[in-house]
K.L.:
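Sending over a structure as structure tokens; questions will come in a sec.
Values reported hereafter were calculated over all heavy atoms of this structure, with side chains retained and with hydrogens, waters and symmetry mates removed. Reminder, nothing fancy here: chain letters follow the sequence lines and each chain counts from 1.
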There are 2 protein chains.
Amino acid sequence: MNEQADKTGGGGRYPAFDLAHFTPYRMALAAQLLSETLAAQYRERYGISVADWRVLVHLAYAGKASVRDIQNRVVMDKSTISRTVSRLEERGVVSKRENPKDRRLLLLSLTEAGEAMMTDVLPMATSFQARIQAELGPQFAALEAALQSLIDAYGGGEP
Amino acid sequence: MNEQADKTGGGGRYPAFDLAHFTPYRMALAAQLLSETLAAQYRERYGISVADWRVLVHLAYAGKASVRDIQNRVVMDKSTISRTVSRLEERGVVSKRENPKDRRLLLLSLTEAGEAMMTDVLPMATSFQARIQAELGPQFAALEAALQSLIDAYGGGEP
DNA sequence: TTGACTTCGTTGCAGCCGCAACGATATTTC
DNA sequence: GAAATATCGTTGCGGCTGCAACGAAGTCAA
């Protein structure tokens with residue numbers, strides 16, 4: 001509790017501005033804490049990164065998808081998705097075929113091993129969600145609503 | 001609105017799990033949208049990155065600080081701070097001296113140019129905060145409270 | 001059919017990040 | 001006072017990311 005800020009830097013040239021009370025920063029912090037807490041669990045067990053996780057979840061949810069499908073649903077650059085998929089394929093948890101209907105597209109899906117892994121991993125996520133919900137209690141609904149407002153207002157849908 | 005997920009991948013092996021309704025993901029998305037919206041403004045005018053921004057804001061707020069002071073306040077790795085400070089020093093907006101009281105520490109502060117820049121930039125942030133608050137209306141207080149709960153619950157303070 | 005245009009995924013590049021190891025300086029302990 | 005220990009900031013390294021450019025494949029129009 002030492003090193004107090006002296007706040008006399010600019011001689012009051014600009015208004016006091018504390019990052020700790022700035023909503024974008026607080027949001028980033030909260031998001032990072034949540035992500036890390038969850039990621040620590042599956043990283044330890046399976047060596048899965050956040051990018052891996054997002055791709056895998058989408059495939060578990062959708063069954064089959066192309067890179068573009070994932071991109072439309074998950075906010076990730078297509079190059080990131082491409083590289084993530086390649087890594088997951090090498091690990092043997094994702095299958096990467098060519099779509100015969102349109103040979104530009106990939107037909108991505110989980111392998112047997114991938115499905116087995118997700119059978120183990122998804123409940124972790126579900127219970128984490130439950131934990132958040134429980135910890136927040138009545139605040140949870142309000143948080144959800146506010147997040148939705150922000151996502152709508154700042155272009156979470158289509159550009 | 002084509003490419004519907006078929007959801008038949010695992011044959012119902014695991015519970016339906018939609019990333020879009022998962023709180024950690026939604027939080028990350030909202031945080032990213034806010035960050036990008038704000039960052040676009042000062043990046044365009046001053047070529048400032050988010051890391052730059054955080055360091056600069058802290059210095060504007062605190063007047064003088066060491067790398068460690070910043071690390072204690074802002075969640076950034078010390079190596080990131082070190083490199084960010086070096087870049088900002090080269091640009092001439094941050095001064096980097098040695099603390100005579102303890103020669104391990106740096107005595108960081110804004111230069112005249114840095115203060116001038118922040119005089120211009122900080123109001124942008126203030127008005128962005130006001131915009132968020134206005135857009136959320138009564139939801140804002142609830143969001144703040146929920147964020148605080150999460151940050152407390154997941155270790156936003158000291159490890 | 002052919003040629004222009006669009007879409008999809010990959011890759012080269014440059015930059016940033018986190019971790020761990022390190023040198024320099026302070027502090028503690030004996 | 002000297003040696004062990006702790007703290008601070010920097011740097012090397014490996015990995016990841018976003019952007020832009022690209023080749024391959026499909027679509028559209030004349």
K.L.:
Assign each of A:R83 and B:K78 to its nearest nucleotide of DNA chain D by heavy atoms, then name whichever residue's nucleotide is nearer the 5' end.
P.N.:
B:K78

K.L.:
For B:L88 and D:dG9, what is the distance between atoms CG and C1' respectively, to the nearest whole Å?
P.N.:
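It is 16 Å, rounded to the nearest whole Å.
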
K.L.:
To the nearest Å, give me how far apart CZ (A:R103) and P (D:dA25) are.
P.N.:
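Roughly 5 Å, once rounded to whole Å.
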
K.L.:
Kindly indicate whether the side chain of B:R97 and the base of D:dG9 share any N or O donor-acceptor pair separated by less than 3.5 Å?
P.N.:
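Side chain to base: no pair below 3.5 Å.
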
K.L.:
In whole angstrom, what separates A:R68's CZ from C:dT10's C1'?
P.N.:
17 Å

K.L.:
Using heavy atoms to find the nearest nucleotide of DNA chain D for A:E98 and A:D77 separately, return the residue whose nucleotide is more 5′.
P.N.:
A:D77

K.L.:
Please classify the nucleic acid contact of A:K101 as base, sugar-phosphate, or nothing, using heavy-atom distances under 4.0 Å.
P.N.:
nothing

K.L.:
Whole angstroms only, please: what is the CZ-P distance between A:R43 and D:dC16?
P.N.:
12 Å

K.L.:
Do A:E89 and A:S95 have side-chain atoms, one donor and one acceptor, less than 3.5 Å apart?
P.N.:
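Their side chains do not contain a donor-acceptor pair, so the 3.5 Å distance test is not met.
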
K.L.:
Between C:dG9 atom C1' and A:M76 atom CE, what is the distance in whole Å?
P.N.:
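Computing the A:M76:CE to C:dG9:C1' distance gives 14 Å.
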
K.L.:
Whole Å only: how far is the CD atom of B:Q71 from the C1' atom of D:dC8?
P.N.:
10 Å

K.L.:
Hey, does B:T37 have a side-chain heavy atom less than 4.5 Å from the side chain of B:F128?
P.N.:
yes

K.L.:
Is there a donor-acceptor contact under 3.5 Å linking the side chains of B:S49 and B:D52?
P.N.:
yes

K.L.:
A:E36: which residues meet the side chain to side chain donor-acceptor pair (under 3.5 Å) condition with it, sequence neighbours left out?
P.N.:
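Once residues adjacent in sequence are excluded, the partners of A:E36 under the side chain to side chain donor-acceptor pair (under 3.5 Å) criterion are A:Q32.
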
K.L.:
Rounded off to whole Å, could you give me the CG-to-P distance for the A:N72 and C:dC8 pair?
P.N.:
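Roughly 8 Å, once rounded to whole Å.
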
K.L.:
Is there, by distance only and without an angle test, a donor paired with an acceptor across the side chain of B:S79 and the base of C:dC17 below 3.5 Å?
P.N.:
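Side chain to base: no pair below 3.5 Å.
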
K.L.:
A:T80 has a side chain; which of C:dG9, C:dT7, D:dG18 sits nearest to it?
P.N.:
D:dG18

K.L.:
Test of understanding: with ring pair (Phe, Tyr, Trp, His ring centres under 6.0 Å), list the residues that count as partners of A:Y46, not counting sequence neighbours.
P.N.:
none

K.L.:
Go through the N and O atoms of the side chain of A:S66 and the base of C:dC8, and report whether any donor-acceptor pair is under 3.5 Å.
P.N.:
no

K.L.:
Starting at the 5' end of DNA chain C, which residue's closest nucleotide do you reach first, A:S82 or A:Q32?
P.N.:
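Checking each residue's closest nucleotide, the 5'-ward one belongs to A:S82.
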
K.L.:
Figure out the NZ/C1' separation between B:K96 and D:dC8, and round it to whole Å.
P.N.:
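So the two atoms are 13 Å apart, to the nearest Å.
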
